[in-house]
2 protein chains.
Amino acid sequence: MAARATSKTSESSDKVSVICRALRRAIIEQALEPGAKLPEDSLGERFGVSRTIARHALGQLAAEGLVELRRNRIAVVATPSWQEARNAFDVRIELERLVVRQLAGKLTKAQIAELNAHVDAEDGARGGTDAVSIRLATEFHILLAQMTNSPILVRYVSEVAYRCCLTLSLYSRPHSTECAINEHRAIIAALAKGDEAKVMDLMHHHLDSVANRALVAPAPQRGRDLLDILAPYADEATNDRVVKLPKVARRG
Amino acid sequence: MAARATSKTSESSDKVSVICRALRRAIIEQALEPGAKLPEDSLGERFGVSRTIARHALGQLAAEGLVELRRNRIAVVATPSWQEARNAFDVRIELERLVVRQLAGKLTKAQIAELNAHVDAEDGARGGTDAVSIRLATEFHILLAQMTNSPILVRYVSEVAYRCCLTLSLYSRPHSTECAINEHRAIIAALAKGDEAKVMDLMHHHLDSVANRALVAPAPQRGRDLLDILAPYADEATNDRVVKLPKVARRG
DNA sequence: CGCGCCCCAATTGCATGCAATTTGATGGCG
DNA sequence: CGCCATCAAATTGCATGCAATTGGGGCGCG
C-alpha cells in the first residue's frame, strides 16, 4: 500500500502529463529559459500530438506558474519578477519547514537510506553538467515532501521548487548549487535524530542561503531553437523515438 | 512596478476561466457536493461552449484539487479523504500564518476598512443561506491573502481554502461557520495593532477550531440534477441567459 | 532619412467529428 | 432466484478544420 497510485499532482490523461513532465524537466534543467516561446504547433509536432493536447498541457503548466499564457499570443516560459521570486522563497520556506516537522523522527531506515542514496547521486553529479545538479538538488526536496504522504504538500512543494529553479536561472550564477549537498546531509541527519526544532532551522537556513545566493543580479537571455532544445526530452517522453503525426512537416 | 495586471491564478483564455469560476463557486457553496458527476457534454451545454473547453476547465480544476479526473470516466467533484482534509488544514495553517505575519502592522486604513466591511457582510449574511455564509467566510481569507501582493500566496491560500470548503461539506454539519465572525474581527484588530505574534496565534487557533469543528464524522450524499444545480451559476457566467449550442437536447 | 500604414504569414481560440472505452441493461443459464 | 455474458447507449480521448487575432516586413509618405 503505502503510496497511492495517482501520486502525481493531478495529471489528467496520459499524453498531457507526459508533455508536462518533459517541459517541467526542460525548464528545471534550464534548457528552456524564462521567456522562451512555446508555440502549440511546435510542441505538438515535437511530442507527436495535436495542438489540442499541447494546449491543454500549457494550461496545466500555466496553473503551476511555470508558463505564462497571454490571450492570442504565444505562450512563454514564465519570467518571475524579483519580488515574485522572493515571495516564492518565503512560501517555500514555510512549506518545507512543515515537511521536515512532520518527518522528524518518523522516517524508516529505508527512507533514510533512500535520502542518502539521493544525496550520493547529487555528489556523483558534481562532475557533470549544472543541469543535472540543479535537477537533483530540487528532487531532493520533492523526495522529502513525498515522504510526508501528504499529496497537497507534495504538490505545493514541487510547484514552488520548480518556480524557484526558474528564478535561479534568471537571477543566479552557475555553480551555486554545489555546496548545498552538505546541507542536505545535515538535514537528513537531523531528521534521523528526530530533532524537530533543529531540522526546521536547518531547512530554513538552507533555503535562505539558496535564496540569498540566488537573488543578487539579473542576467541576459540566450535564444536557441525550441525544437532543438526539446529534442532529448521528447525522445525520452515518447520512448518510441520521434513520432506518428503523419501530416505536419518539420518547420525547416 | 507595483501590482501586475494578470492577478488571477493563471486563468488561461476567457471561456475556460468563466467555467472554472462558476464551478468553483458552485463547489464552495456546496451546490455541487463531493462525488458529483461532471460530464463534459453537460458542462458544455450548460455554459454554451464545446466539450473541448469544458474539458480544459476540468483539467484546471483538477490541477487545483477540486475535481478528480479518472481516465475514460466521468470527472467528479473531488472527495478528499479524512487524512487529506487534515493535511489540507495543516498546510493552510502555515500559509495563513505567513499571510498575517506579512500583513501585521502593514495594512492601510483603507484595507482595514475593506476587511471590516467584508466581515460586516458576513454578519449581514447570517440570516441568509448557509451557502452564502460559507462563501463569504472563505473569501475573507482570500481577501487577506490578496493584501500580501504575493500572487503565489494568493493562489495557494485560495486553493487550499476551496479544498477545505470541500471537506467541510463532507465532514461537517451546517451552521458551523457562524461563530467564526468574531474570530475574523479579532484577527483584523490584531493586524491593525501590528502584533505579529498574536495575530499568527489567532489565525492558527481560528483555523484549528474550524478544522476541529469540521473533522468529526462522515455524512451521506444527496443526488440532484447537475443541470438544475448549475442553472444559476451558468446564468451568471454567460450574462446572456442560457445559450447558443444548437444541437444537444436537454437530458430530461 | 525616419515614421506610420497595410497586408500576409504565423498563431491562437474554438467547434466538430470519429474511434475507443466505459456503463448499465437485458437476457440466458446455473 | 441470483449471476454472468453480451450488446447498445453514453462518454471520453484526440485530431482536424475554420475563423479571428497578432506581429512583422515592406512600401509609401512626410
Side-chain angles (χ1 to χ4, degrees), chain A residues 6 10-20 35-62 67-77 223 225-227 237-238 240 242-252, chain B residues 6 10-20 35-63 67-77 223 225-227 230 237-238 240 242-252:
Chain A
T6 63
S10 71
E11 301 308 302
S12 50
S13 49
D14 216 20
K15 299 196 177 180
V16 170
S17 59
V18 165
I19 298 181
C20 284
K37 289 182 185 173
L38 301 168
E40 298 170 2
D41 280 343
S42 311
L43 291 177
E45 178 188 353
R46 175 52 77 190
F47 291 101
V49 298
S50 77
R51 255 190 346 109
T52 307
I53 304 306
R55 183 182 183 72
H56 201 100
L58 287 173
Q60 298 289 306
L61 293 171
V67 160
E68 211 170 314
L69 247 36
R70 311 105 97 203
R71 184 167 178 96
N72 284 322
R73 313 270 313 272
I74 301 179
V76 296
V77 175
D225 184 323
L226 175 69
L227 287 176
T238 81
D240 184 27
V242 175
V243 264
K244 52 187 119 175
L245 261 209
K247 193 116 155 249
V248 201
R250 285 217 31 168
R251 167 190 298 191
Chain B
T6 63
S10 71
E11 301 308 304
S12 49
S13 50
D14 216 20
K15 298 196 177 179
V16 170
S17 60
V18 165
I19 298 181
C20 284
K37 288 181 184 172
L38 302 167
E40 297 170 1
D41 281 342
S42 312
L43 292 175
E45 180 188 352
R46 174 53 77 190
F47 291 101
V49 299
S50 78
R51 251 182 359 102
T52 306
I53 304 306
R55 182 181 183 73
H56 201 99
L58 287 174
Q60 297 289 307
L61 293 171
V67 160
E68 210 169 316
L69 249 36
R70 310 105 97 205
R71 183 168 178 97
N72 284 321
R73 312 270 313 269
I74 301 178
V76 295
V77 176
D225 185 324
L226 174 69
L227 288 174
L230 284 181
T238 82
D240 184 28
V242 176
V243 263
K244 48 189 126 170
L245 262 209
K247 195 123 153 237
V248 201
R250 286 213 30 165
R251 167 190 302 191

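Below, chain A is the first sequence line, B the second, and so on; all start at residue 1. Below, all heavy atoms of this structure are taken into account, side chains as well, without hydrogens, waters or symmetry copies.
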In this structure, NE2 of A/His56 is separated from CD1 of A/Ile19 (nearest 0.5 Å) by 10.5 Å
Here the distance between atom P of D/dG13 and atom CZ of B/Arg70, to the nearest Å, is 11 Å
Value for CG (B/Leu43) from OG (B/Ser50), rounded to nearest 0.5 Å, stands at 11.5 Å
Rounded to whole Å, CD of A/Glu40 lies from P of D/dT21 at a distance of 17 Å
Contacts of B/Thr52 and B/Arg73 projected onto DNA chain D by closest heavy atom; the upstream (5') one is B/Arg73
In whole angstroms, the gap separating C1' of D/dA10 from CD of B/Glu45 amounts to 14 Å
Residue set satisfying salt bridge (charged side-chain N to carboxylate O under 4.0 Å, His left out) with A/Glu40, at least two apart, ordered chain then number -> A/Arg51, A/Arg55
Rounded to whole Å, the CD1-P distance (B/Ile74 to C/dT21) equals 17 Å
Does A/Gln60 reach the main-chain N or O of B/Ala63 with its side chain, forming a donor-acceptor pair under 3.5 Å? no
Item to complete: Using only side-chain N and O atoms of A/Arg55, determine if any of them is under 4.0 Å from OP1 or OP2 of C/dG13.
Response: yes
Rounded to whole Å, NE2 of B/His56 lies from C1' of D/dG13 at a distance of 15 Å
Taking N or O atoms only and anything under 3.5 Å, show me the protein contacts with nucleotides 18-20 of chain D, one pair per line.
none

Correct closest heavy-atom pair for B/Cys20 and B/Ala57 would be SG-O, 3.7 Å
So, OP1 or OP2 of C/dT11: does either fall under 4.0 Å of a side-chain N or O from A/Lys37? no
Among D/dA15, C/dA15, D/dT12, the one nearest any side-chain atom of A/Ser50 is D/dA15
From CG of A/Asp14 across to C1' of D/dC14 the rounded distance in Å is 13 Å
Distance col, row B/Ile53:CD1 vs B/Leu58:CG, nearest 0.5 angstrom, shows 11.5 Å
From the candidates D/dT16, C/dA15, C/dT12, the one with an atom nearest any side-chain atom of A/Asp41 is C/dT12
Hits for side chain to side chain contact (heavy atoms under 4.5 Å, CB included) against B/Val76, two or more places apart or cross-chain, chain-then-number order -> B/Lys37, B/Glu68, B/Arg70
Separation of D/dA15 atom P from A/Phe47 atom CZ, nearest Å, is 14 Å
Whole-Å distance, A/Leu69 CG to C/dT11 P, equals 16 Å
